[in-house]
K.L.:
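One structure coming up, written as structure tokens, with questions to follow.
Each chain gets a letter, A, B and so on, in the order its sequence line appears, and its residues count up from 1. Every value quoted in this text rests on a predicted model; they were computed, and no experiment measured them.
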2 protein chains.
Amino acid sequence: MNSSDLDALAGRRVLIKPECLQRTGSFKFRGAWAALSGLPEQDRTRGVIAYSSGNHAQGVALAARMLGVPAVIVMPADAPALKLANTRALGAEVVTYDRTRENREEIGQTMARDRGLVLIKPYDDPRVIAGQASVGLEIAEDAARLGVATADVLVPCGGGGLTSGIALALEAHAPGLRVRPVEPVGFDDTGHSLVAGQVLRNAALTGSICDAILTPQPGDLTFPIMQRLCDPGLSVTDAQALQAMALAMLRLKIVVEPGGAVALAAALFQPDAITGDTVIVVASGGNTDPDMMARALTTLP
Amino acid sequence: MNSSDLDALAGRRVLIKPECLQRTGSFKFRGAWAALSGLPEQDRTRGVIAYSSGNHAQGVALAARMLGVPAVIVMPADAPALKLANTRALGAEVVTYDRTRENREEIGQTMARDRGLVLIKPYDDPRVIAGQASVGLEIAEDAARLGVATADVLVPCGGGGLTSGIALALEAHAPGLRVRPVEPVGFDDTGHSLVAGQVLRNAALTGSICDAILTPQPGDLTFPIMQRLCDPGLSVTDAQALQAMALAMLRLKIVVEPGGAVALAAALFQPDAITGDTVIVVASGGNTDPDMMARALTTLP
């Protein structure tokens with residue numbers, strides 16, 4: 001989708017891939033479905049476990065319900081209430097933890113071992129990356145139909161599952177479309193890691209409204225893919241993400257969550273960092289509370 | 001699109017046709033394109049004129065720009081600022097009038113005569129009705145794919161162009177899908193006219209937030225079609241429309257304007273007036289100001 005008003009603001013054509021309209025309100029259902037639908041029968045019977053700030057949780061919970069697989073989800077206690085409620089409503093058992101004091105990977109691995117569950121990691125899993133890559137296949141198809149052969153493709157980036165998946169798909173199907181990860185300022189571990197040529201961690205674990213993409217560092221599987229295929233990253237402020245959310249509501253008639261709006265924010269507010277007469281933007285999710293939507297709307301003139 | 005949360009609230013499956021995602025943010029582009037693209041060359045050169053509370057204005061303005069046709073749009077001075085601004089931004093000449101004291105039909109016909117412009121009426125034009133009917137063709141296709149052979153199809157109804165167009169398409173392609181017009185309480189001229197078997201006017205011309213569908217009475221062309229093909233109408237309060245707007249943002253991640261949300265409101269809040277295990281709902285437009293979005297969000301618990 002697109003809007004001539006956003007094109008004018010960005011100074012180039014902005015093509016949006018609205019994953020907020022995907023099942024469960026974010027792209028995460030794609031990876032979860034790819035991972036769970038490929039499980040052998042005995043694993044499906046025992047069940048799966050996932051840890052997530054919310055969107056992967058909902059994706060796994062829905063895929064599990066559709067496939068008849070029991071699911072346990074480990075979520076931060078301070079995740080948006082909507083994401084916690086949605087995950088429970090999808091029939092998953094939700095276990096909460098303290099994001100600042102506990103390690104979700106350890107909790108997940110311990111529970112997986114104790115209860116014989118298959119751990120579905122949010123990004124460091126080849127099946128999950130393959131599922132997210134389907135976004136890239138669709139972008140390649142849409143771009144070909146529109147005659148767009150070269151463009152920056154801006155992707156909101158947490159652990160890098162979506163970013164690396166899209167990059168792999170475009171490498172094969174539209175090599176002129178170059179993926180660039182977009183992160184919140186201060187949580188731009190992937191951008192810094194790409195510059196340094198090695199995995200770097202963020203100094204902080206909390207402190208941005210972009211909850212969906214606050215991961216400590218790029219993944220072990222995703223970073224080498226991004227290093228090989230991605231162009232330099234971009235970083236946006238929370239204020240820019242909020243304003244992009246508001247403009248998405250006003251101009252595109254879609255609701256995007258803060259972490260899902262960072263790529264649109266980069267396209268709109270950092271046009272000089274982008275090349276070409278067209279930019280492709282992934283709006284990766286839309287699971288946000290009404291208070292955050294109202295807060296975003298106050299940024300409009 | 002659909003949401004299991006909305007299904008639960010409505011007590012049946014709710015399938016949404018999101019016309020807020022259409023070009024210019026409402027279904028109106030369809031009718032405008034159908035009318036303008038069929039004009040003979042000499043009419044295209046002189047130009048067109050339209051009167052509209054805003055959505056038809058934007059549809060005509062965009063279709064005119066795409067086809068290189070000059071366009072004059074007559075709009076109420078109290079139309080949402082966003083609709084006025086968008087129409088001007090699309091290159092149309094905007095002429096405003098006082099909704100309570102002046103008659104837009106007279107203004108439009110006078111200007112059309114004086115300046116040799118072709119009047120594109122918002123609903124009482126067979127070409128416009130044919131364009132809106134394409135919504136019905138798509139609903140028929142989607143329903144067939146999902147195996148839905150019988151259902152109420154709830155359509156926000158102003159002058160009846162969309163309602164009668166959809167009804168004609170479904171008569172031919174999915175006769176088990178029965179169209180029911182939905183209007184704001186107090187502006188339910190079509191519902192009352194269907195009961196009475198003759199065209200009745202609303203007592204008031206203003207006083208609802210559902211600006212997109214506040215027409216004084218059903219159209220001369222549209223009413224006989226609706227009388228022949230539609231099931232009884234439904235009426236919702238402004239408060240119900242606002243709450244439906246908020247739930248569309250939260251659950252579907254789409255922005256629907258008040259008048260565009262009345263069909264969803266009927267599905268969610270008047271389930272006993274609807275039959276069948278599936279209901280189809282048209283969300284007809286999304287052009288609303290940030291203040292109205294914020295107001296809608298305050299209705300959520």
K.L.:
Could you walk me through whether Val255(A) and Met293(B) pass the side chain to side chain contact (heavy atoms under 4.5 Å, CB included) test, one step at a time?
P.N.:
CA-CA 11 Å; Val255(A) 174; Met293(B) 295 184 214; over 6 Å; no

K.L.:
Check each atom of Thr288(B) against the heavy atoms of chain A and say whether the ones under 4.5 Å are side chain, backbone, both or neither.
P.N.:
backbone

K.L.:
Side chain, backbone, both or neither: which part of Asn287(B) has a heavy atom under 4.5 Å from chain A?
P.N.:
both

K.L.:
Which heavy atom in Leu300(B) sits nearest to a heavy atom in Pro290(A), and how many Å separate them?
P.N.:
CD1-CG, 3.4 Å

K.L.:
To the nearest 0.5 Å, what is the distance between CG on Leu252(A) and CG on Leu21(B)?
P.N.:
9.0 Å

K.L.:
Could you tell me whether a side-chain N or O of Lys253(A) sits under 3.5 Å from a main-chain N or O of Cys20(B), the two making a donor and an acceptor?
P.N.:
no

K.L.:
Side chain from CB out, backbone as N, CA, C, O: work out which of these in Leu62(B) comes under 4.5 Å of a heavy atom of chain A, or both, or neither.
P.N.:
neither

K.L.:
Using distance alone, with no hydrogens and no angle criterion, decide if Asn2(B) and Arg23(A) have a side-chain donor and acceptor under 3.5 Å apart.
P.N.:
no

K.L.:
Less than 4.5 Å to any heavy atom of chain A: does that hold for the side chain of Met249(B), its backbone, both, or neither?
P.N.:
both

K.L.:
Can you say whether Ile254(A) sits under 4.5 Å from chain B via the side chain, the backbone, both, or neither, judging by heavy atoms?
P.N.:
both

K.L.:
How far does CZ of Arg251(A) sit from CG of Asn86(B), to the nearest 0.5 angstrom?
P.N.:
5.0 Å

K.L.:
So for Leu250(B), is it side chain, backbone, both, or neither that comes closer than 4.5 Å to the heavy atoms of chain A?
P.N.:
both

K.L.:
For the candidates Ala89(A), Gly286(A), Ser3(A), Pro18(A), which exhibits the highest count of non-hydrogen atom pairs separated by less than 4.5 Å from chain B?
P.N.:
Gly286(A)

